[in-house]
Amino acid sequence: MPTAAAPIISSVQKLVLYETRARYFLVGSNHAETKYRVLKIDRTEPKDLVIIDDRHVYTQQEVRELLGRLDLGNRTKMGQKGSSGLFRAVSAFGVVGFVRFLEGYYIVLITKRRKMADIGGHAIYKIEDTNMIYIPNDSVRISHPDEASYSYDLSHSLQYNLTVLRMPLEMLKSETTQTRQESFDIFEDEGLITQGGSGVFGICSEPYMKYVWNGELLDIIKNAVHRDWLLYIIHGFCGQSKLLIYGRPVYVTLIARRSSKFAGTRFLKRGANCEGDVANEVETEQILCDASVMSFTAGSYSSYVQVRGSVPLYWSQDISTMMPKPPITLDQADPFAHVAALHFDQMLQRFGSPIIILNLVKEREKRKHERILSEELVAAVMYLNQFLPPEHTIIYIPWDMAKYTKSKLCNVLDRLNVIAESVVKKTGFFVNRPDSYCSILRPDEKWNELGGCVIPTGRLQTGVLRTNCVDCLDRTNTAQFMVGKCALAYQLYSLGLIDKPNLQFDTDAVRLFEELYEDHGDTLSLQYGGSQLVHRVKTYRKIAPWTQHSKDIMQTLSRYYSNAFSDADRQDSINLFLGVFHPTEGKPHLWELPTDFYLHHKNTMRLLPTRRSYTYWWTPEVIKHLPLPYDEVICAANLKKLIVKKFHKYEEEIDIHNEFFRPYELSSFDDTFCLAMTSSARDFMPKTVGIDPSPFTVRKPDETGKSVLGNKSNRDEAVLQRKTAASAPPPPSEEAASSSSEDDSGTDREEEGSVSQRSTPVKMADSGDSAKVTENVVQPMKEVYGINLSDGLLEEDLSIYTRFVQLGQSQHRQDKSSQQLYSRCPDGVIKLTPISAFSQDNIYEVQPPRVDRKSTEIFQAHIQAGQGITQPLGKEDTSMYREYIRNRYL
């Protein structure tokens, strides 16, 4: 199917900040360094921010001339060569934003990045270091572990991004903005108008600001500069691994988006605020894509989204008592579930229906603690459900996970697997291709019961699972893993990679997915709770090693220390970065505030607009389009959020092929991200020859690929080394692998990150285990081949081989009309009759392929070109050549 639209790639991916006495000049370019933009920042205003963007696209030669004139004009004496008037301050990869303190504005630049994932050719980078430069003075360095992308909207789900690209062509034409640039372009009219159908619509959507963490920092320049300067950043987790299925690469990506509303640390942010935003709200999306095809339109992509978040009530915990588990108190009575109504209205608008709540808090306790939240949440859901249409009511699933964990008779993960199956059947999942023919030919019972919305181009996920416990950390992560494992089976089945939508534990695929989810849980736990996960999937499977108990105790102590002594400072930093607190002269400083309650609850500072109805608590437009999410419905309100522009099909802004492969620069396999990421074949598959290479084969615990590297303690140490890689800076050995903007040569050359977030070198076994390693390397012939070749063959084996040889000799060409279903065969030989409708292609003879006329003409033209006979150029070739000249030299 021809593509109707493509994502717009930002033309500002490399930055250089030049400094003069009166101004900063921020020069941005695309990765090929063919298009440049210049931003002028005034340094003479001590309190205000003055930014000028001429919105002109410069060529490389024009930028050099401009910088030369600025250098010459800012020297102390005209014609003086000894001192420069234009200084190169710093190189960067993006602008985080501008922040104002009491003494003026700072500009925050990204100075180091590392590639973390690749979705359809669109790279996702982790921000490893930033530079905060005081505009009229010196700079101070800070660090933010966030994720960003120049061409892929990380604040939205894959389902939303691909739904936008599949919009009807007529609607895109009606929303197309003017394509003419402010500068004169000699090829613009001829490239877009005369070519007619060669134009491609580029689409850029507004980000979902709830998951954008630098929105407040960019707000002051949003309307003053071109959109390419705006790089929106999410905070959370991003990890990617490669699943090799008999050599076919499939990328498994996990993206977690942490909400910037009511954000904070564990005990300081609980429950919800007055606008329905809850604490520790994270949207987790798992994306499965066939890496053999990169295009969003021609490739196969699937995703599944689930959410975690605190219980949507007014509640808190008092940490002044210095107790490990402070008592839970309800701060405010809410008999009409007003705050819960606002929260679920947001979810209906973004995800559609049904909304499924999996509540994992304790239900039976000697003293009421967690049960307080369960009782209030049940009452709120029952109240809200009585006004919703029956087909769109909120589904509530209570399950005391801690109680079942203590029981020796119950298997926690088996019960979670039953819940996961029912949840995925109700919500469905997203896939951008229709059901394969094999699922129609061999239908599966579970596949026919799958929910969601079926469309001609695939399936849509409608509704979402919302999981919560008290902290939304350990129990929640295990429950989300089990639901994700169930959804992964359906995703693999929909892409035709497995024959049944079912995955077993102790397979390479599930082990890879489990490690990805543990990294995801550790990172989110560090951000909110101050430590890594205490209870993991192996803990609930009751197969964790005996050393895990002591490690859990250390993580508990680390979490308690962080909550008691460092969470207050972290909360102040978050409030300042998100713009919740604005420093003002004459008012108390941030560290002098006794509480930040009034900063996050706006109704304490001013009267809010009229409250919603207690019965019709939803947004009218949202309820009309259920079960589809309102944000993905094609309507006038959503079309206003899109920026649509028509490009020539060879423009760099929409050419994802050049953006991904970068043919204009030298690449090295050692630095290629796809070869360095975690792979099921390299890191999980056994190294023994003759083992089934399928990643869906159940293996023994000692058969994994990692077991040959050392004993169990060494493997555990290696796993712990990888856990914090997604949220902490890399070790010194990885510094060279990260993309740094400051090198000795002073150029803007980038070294792509060659080490993934879980590719820390594994510690080898010590000398005491060298004998065991040698035994694994040199293996007996019988173990490798299943037979000792030095022994004589048995008569039965020899007879089988003789029949095999006779079967091969009996293959000869026959006329199909003379073939008979049964024919006389030698004794003991089975005669096979072909029943397929394919041509006579076998291991002995091949029918010549049929070549169409156009392919023959192209081949003949190629032969003639080699003999010096050139063909006249067509209109498309001329347009392509002119586009190349314009991008390179004009």
Side-chain angles (χ1 to χ4, degrees), residues 1 3-8 152-177 201-212 257 276 283 285 287 296-297 301-307 341-356 384 387-394 426-434 450-466 612 616-644:
M1 184 181 67
T3 176
I8 297 178
Y152 183 80
D153 189 355
L154 284 173
S155 65
H156 286 290
S157 64
L158 179 71
Q159 177 172 315
Y160 175 88
N161 291 333
L162 295 191
T163 301
V164 168
L165 296 182
R166 291 178 180 272
M167 289 178 58
L169 196 61
E170 293 75 13
M171 292 191 176
L172 294 179
K173 291 180 179 179
S174 63
E175 294 294 324
T176 304
T177 57
F201 290 102
I203 296 183
C204 179
S205 61
E206 290 186 5
Y208 192 65
M209 298 307 296
K210 184 176 184 178
Y211 297 114
V212 173
R257 309 175 184 92
E283 178 184 306
E285 180 181 18
I287 300 175
F296 271 154
T297 54
Y301 294 84
S302 177
S303 70
Y304 183 77
V305 178
Q306 47 185 325
V307 179
L342 294 174
H343 176 68
F344 291 123
D345 187 36
Q346 292 179 10
M347 298 189 69
L348 288 173
Q349 179 174 347
R350 181 164 174 83
F351 304 109
S353 67
I355 302 298
I356 305 174
L384 297 177
F387 306 111
L388 279 175
E391 64 272 15
H392 303 310
T393 55
I394 301 171
K426 289 183 175 66
T427 62
F429 62 95
F430 169 74
V431 62
N432 72 331
R433 52 178 284 181
L450 195 62
C453 181
V454 181
I455 58 177
T457 57
R459 289 176 175 267
L460 298 178
Q461 178 182 346
T462 57
V464 72
L465 172 67
R466 186 193 189 278
R612 292 191 179 187
Y616 297 98
W617 51 267
W618 54 82
T619 304
E621 291 78 10
V622 174
I623 205 73
K624 292 178 183 177
H625 297 91
L626 292 180
L628 294 176
Y630 178 73
D631 288 348
E632 299 175 11
V633 174
I634 301 176
C635 60
N638 290 334
L639 290 177
K640 291 180 181 179
K641 301 177 183 179
L642 301 179
I643 299 174
V644 184

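All figures in this text were calculated on a predicted structure; none of them were measured in a lab.
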Heavy-atom side-chain contact between Glu206 and His156 under 4.5 Å: no

Closest non-hydrogen atom pair, Pro629 against Gly352: CB-N, 3.6 Å

Residue pair Ile643 / Ile8: nearest heavy atoms and the distance that separates them: O-CD1, 4.3 Å

Residue of the set His392, Lys426, His625 for which side-chain hydrogen bond (donor to acceptor under 3.5 Å, both in side chains) holds with Ser353: His392

For Asp631 against Asn638, the heavy-atom pair lying closest together: O-ND2, 3.5 Å

Intermediate values then yes/no, side chain to side chain contact (heavy atoms under 4.5 Å, CB included), Thr619 and Tyr630: CA-CA 10 Å; Thr619 304; Tyr630 178 73; over 6 Å; no

Side-chain (Asp153) to main-chain (Tyr208) donor-acceptor, under 3.5 angstrom: no

Test log, rule side chain to side chain contact (heavy atoms under 4.5 Å, CB included), inputs Thr163 and Ile634: CA-CA 9 Å; Thr163 301; Ile634 301 176; 5.9 Å; no

Side-chain donor-acceptor pair present, Gln159, Gln461, cut-off under 3.5 Å: no

Residues which pass ring-ring contact (aromatic ring centres under 6.0 Å, His included) with Phe296, listed by chain and number, not counting sequence neighbours: His122, Tyr301

Nearest-0.5 Å distance that lies between atom CD1 in Ile356 and atom CD in Gln306: 11.0 Å

Distance in Å, Thr297 OG1 paired with Asn432 CG, rounded so as to fall on 0.5 Å steps: 9.0 Å

Distance in Å, Leu642 CG paired with Phe201 CZ, rounded so as to fall on 0.5 Å steps: 13.0 Å

Partners meeting ring-ring contact (aromatic ring centres under 6.0 Å, His included) with Tyr152 (sequence neighbours left out): none

Spacing of Ser155 atom OG and Arg257 atom CZ [to the nearest 0.5 Å]: 7.5 Å

Any donor-acceptor N/O pair, Arg612 side chain to Trp617 backbone, under 3.5 Å: yes

Distance in Å, Phe344 CZ paired with Ile394 CD1, rounded so as to fall on 0.5 Å steps: 4.5 Å

Arg350 bridged to Glu283 by N-O distance under 4.0 Å: yes

Nearest heavy-atom neighbours spanning Thr427 and Gly463: CG2-C, 4.0 Å

Value rounded to 0.5 Å, distance of CZ in Arg459 from CZ in Arg433: 12.5 Å

Ring geometry between Trp618 and Tyr616 (parallel below 30°, tilted from 30 to 60°, perpendicular above 60°): perpendicular

Residue pair Thr462 / Gly452: nearest heavy atoms and the distance that separates them: OG1-CA, 3.5 Å

Main-chain N/O of Leu158 paired to Glu285 side chain as donor or acceptor, under 3.5 Å: yes

Shortest non-hydrogen contact from Val305 toward Ser157: CG2-CB, 4.2 Å

